[in-house]
2 protein chains.
Amino acid sequence: MSNDEHTTLPKSYEEMVREISAQHDSLSKRLKQIARYALDNPNDFALKTIAEIAKKAEVQPSALVRFAKAFGFSGFTDVQRLFQQRLLESRPSYDNRLQHLRESSDNTPLDLLKKFAVANTIALEHLVEEMPEEKLKEAIRILSDAETIHVLGMRRSFPLASMFYYSVTKMGHRAHLIDNVGGMHVEQQTNVGPRDALIAFSFSGYTPYVTSAAEKTHHGGIPVVAITDHLLSPLTHCSTVCFHVEDGAVHDFKSLGASMCLVQALVVGLGAVETD
Amino acid sequence: MSNDEHTTLPKSYEEMVREISAQHDSLSKRLKQIARYALDNPNDFALKTIAEIAKKAEVQPSALVRFAKAFGFSGFTDVQRLFQQRLLESRPSYDNRLQHLRESSDNTPLDLLKKFAVANTIALEHLVEEMPEEKLKEAIRILSDAETIHVLGMRRSFPLASMFYYSVTKMGHRAHLIDNVGGMHVEQQTNVGPRDALIAFSFSGYTPYVTSAAEKTHHGGIPVVAITDHLLSPLTHCSTVCFHVEDGAVHDFKSLGASMCLVQALVVGLGAVETD
DNA sequence: ATTACAATAGAATTTATATTCCAAATTAGA
DNA sequence: TCTAATTTGGAATATAAATTCTATTGTAAT
């Protein structure tokens, strides 16, 4: 009659999550929808009534019951109990882990992760505080006016460049990534036309080619938006708008969190302008 | 007839507790009994039914309703909601902050920047809290044992892949970026040998090739470290270790801050192991 | 295209849960 | 001690929620 359980029925929230993720592929469309909702909104699953959950998840109440049965339960109530358990387990008291972290000298992987997270968070705060609104607007105006945006960033900056390129093309803007494939950066760069713009990323190492490319473009009267790490960076004086982003570092490894954030803001800001 | 409320009715668990302790002396015997039970077993009050609570507290169900009314509520259900809130408060819901953020008013460039910064910060907190130490260690062990680390990530994930590649080679580890230049990803992938490892990045779009490459590698008995965005991602089941990172998003544009952070932690962790 | 099968929505039903009510018990004041 | 007011227990009721059932829709195979 009903679903034969190929598997033992979950006894805890964790088991349930594991089971959901394991069975997910073999579930029907509606049941998948519920599975996703469960994982994304475990609190609702714990406290709301079937009717409420059904409404929010945009399914029928009966579908929730079927969901429960698909995992071997006798009804949804049993599933709900599992999700309630989760609320009871571990209510971690809020510690001042930021402070504690800085003092800790360990370098276990988890410690490193925490340090990077803190470094990034601080960098993000800085970024927002130091950012003059005018600069952002100006940069977006430049990029928006460009027929094609040429994107340049090597080595450490390449992830930023490729991300900008991906996002901005996704938004429908014409762009070109100077990736130096085949060592053809010179050829790639001669493509920059008078109605275009260049966005250049360069950090501490300052790959010479990036600097010289920005210089040449800037002197040619083509607008350059630069993202770099220091006022004394070579890009400061060969760009129309220059952002100085201090990314957090741990053991000399810069984390690009803040720069990424800026890139995204530029791209989305660009999108907002262009759909007006 | 009924209890005139000398006081405004509680809006939160904390207010309720304060009210209970304030009124306690003026309550009847049975109601005192219930008050004590409520303070000692707030979890029961949040999750059990009236009948169950009544039984455990050795009172009549109706007494619980009277208790609620004594504090100005229309029924016990309202009291229960307050006690449920408490369970939710202890796990601050990121969703709420994000939600609030998305709905917030303006979309000036500076606003967008702020939104991304907050979204990233939240994602970072999340990342750290949810990360099991074992997973990190396991991943680092796998990568460290590999003769060559093959790095795979397309489209949106390409920035992550290229960053991992850059950092890890900088540290002196042998690595190979599957960048699909010249459409040669198939050829690039056949290079993965039995003593190597694969690290794969894939998010929501789940570029099919990345999935299939991970599958093939995994089934070939070669260790796979995956970084993806959801438990239901196709990578979950074709990887030796799988990280689920929820990056913040604004206007559907995911910011890679948290993923970047994880990448850096992996790389530096790897460096720490290898210099031992 | 046709059939067989599985999945689904929504109404109908059953079950459970909360609330009300009132008679009985308790307490306080005279 | 007697009376009136208050509190209490527990059955009766009303309300809400979960579950089942069925007609309908969707889907895959022939």
Side-chain angles (χ1 to χ4, degrees), chain A residues 1-6 9 16 20 23-38 41 43-85, chain B residues 1-6 9-10 16 20 23-38 41-85:
Chain A
M1 47 157 300
S2 93
N3 218 309
D4 53 318
E5 15 179 329
H6 342 280
L9 98 170
M16 183 68 198
I20 290 176
Q23 307 252 69
H24 182 264
D25 288 345
S26 65
L27 295 176
S28 73
K29 187 169 132 201
R30 197 62 73 243
L31 262 38
K32 276 201 182 82
Q33 188 181 338
I34 293 172
R36 174 165 293 269
Y37 189 86
N41 306 71
N43 288 347
D44 285 1
F45 251 53
L47 297 180
K48 296 198 191 267
T49 67
I50 282 205
E52 288 174 305
I53 299 168
K55 198 170 171 199
K56 276 196 73 185
E58 297 180 302
V59 299
Q60 288 295 318
S62 50
L64 289 171
V65 177
R66 270 185 284 124
F67 177 81
K69 302 206 162 178
F71 287 91
F73 296 96
S74 78
F76 184 76
T77 310
D78 292 339
V79 172
Q80 197 162 45
R81 257 193 275 277
L82 256 37
F83 279 76
Q84 291 181 345
Q85 268 182 35
Chain B
M1 43 160 295
S2 94
N3 218 309
D4 54 317
E5 13 179 331
H6 341 280
L9 98 170
M16 183 68 199
I20 290 176
Q23 308 252 69
H24 184 264
D25 287 346
S26 66
L27 296 176
S28 75
K29 187 170 131 200
R30 198 62 71 235
L31 261 38
K32 273 201 184 83
Q33 189 182 337
I34 292 173
R36 172 165 296 272
Y37 189 86
N41 307 72
N43 288 347
D44 285 1
F45 251 55
L47 297 179
K48 295 195 192 271
T49 67
I50 283 205
E52 289 174 305
I53 299 168
K55 198 170 170 198
K56 276 197 73 182
E58 298 179 300
V59 299
Q60 287 296 319
S62 48
L64 289 171
V65 177
R66 275 202 300 274
F67 176 81
K69 300 205 163 175
F71 287 92
F73 297 95
S74 79
F76 185 76
T77 310
D78 292 339
V79 172
Q80 197 161 45
R81 255 194 278 277
L82 256 37
F83 280 77
Q84 291 183 345
Q85 266 183 36

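Heavy atoms only: backbone and side chains are in, while hydrogens, waters and symmetry mates are out.
For the pair Leu64(A) CG and dG10(C) P, the interatomic distance rounds to 14 Å; values are reported in whole Å. Atom CZ in Phe67(B) sits about 15 Å away from atom P in dG9(D), given to the nearest Å. Taking atom CG of residue Asp78(B) and atom C1' of nucleotide dT19(C), one finds them 13 Å apart after rounding to whole Å. Counting to the nearest Å, the C1' atom of dT19(D) and the CD1 atom of Ile53(A) are 14 Å from each other. Taking atom CD1 of residue Ile50(B) and atom C1' of nucleotide dA17(D), one finds them 14 Å apart after rounding to whole Å. Summarising the geometry, the separation between CD on Gln80(A) and P on dA18(D) is reported as 6 Å, rounded to the nearest angstrom. Per the geometry, CD belonging to Glu52(B) stands 13 Å off C1' belonging to dA18(C), to the nearest Å. Following rounding to the nearest Å, Phe76(A) (CZ) and dT20(D) (P) show an atom-to-atom distance of 14 Å.
Pairing each heavy atom of Ala35(B) with each of Ile20(B), the nearest pair is CB-CG2, 3.7 Å. A pairwise comparison of heavy atoms in Ala54(A) and Gln60(A) identifies CB-C, 3.9 Å as the closest pair. Shortest non-hydrogen contact noted between Leu82(B) and Pro10(B) is CD2-O, 3.8 Å. The minimum heavy-atom distance between Glu58(B) and Gln33(B), with the atom names listed, is O-NE2, 3.1 Å.
Using a 4.5 Å heavy-atom cutoff, the side chains of Lys48(B) and Asn41(B) are not in contact.
Side-chain atoms of Gln84(A) and Arg81(A) include no donor-acceptor pair closer than 3.5 Å.
Ring pair Tyr37(A)/Phe45(A) is tilted by interplanar angle, where 30° to 60° counts as tilted.
Lys32(A) places a side-chain N or O within donor-acceptor distance of the main-chain N or O of Leu27(A), the cut-off being under 3.5 Å.
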Tabulated below should be each protein N or O lying under 3.5 Å from an N or O of nucleotides 20-22 of chain C; please produce it.
residue, atom, partner, partner atom, Å
dT20(C), OP1, Lys69(B), NZ, 3.4
dT20(C), OP2, Lys69(B), NZ, 2.2

Under 3.5 Å, which protein N or O atoms sit close to an N or O of nucleotides 13-16 of chain C? Give each pair with its distance.
none

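Between Gln60(A) and dG10(C), a side-chain N or O to OP1/OP2 separation shorter than 4.0 Å is present.
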Q: Check step by step if side-chain contact (heavy atoms from CB on, under 4.5 Å) holds for Asp78(B) and Phe71(B).
A: CA-CA 11 Å; Asp78(B) 292 339; Phe71(B) 287 92; over 6 Å; no

**Q.** Criterion side-chain contact (heavy atoms from CB on, under 4.5 Å) on Gln23(A) and Leu31(A), from CA distance to verdict
**A.** CA-CA 10 Å; Gln23(A) 307 252 69; Leu31(A) 262 38; over 6 Å; no

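Within residues 28-35 of chain B, the residues that have a heavy atom under 4.0 Å from DNA chain D are, in order of number, Ser28(B), Lys29(B), Arg30(B).
Residues Phe76(A) and Phe83(A) keep their aromatic ring centres 6.0 Å or farther apart.
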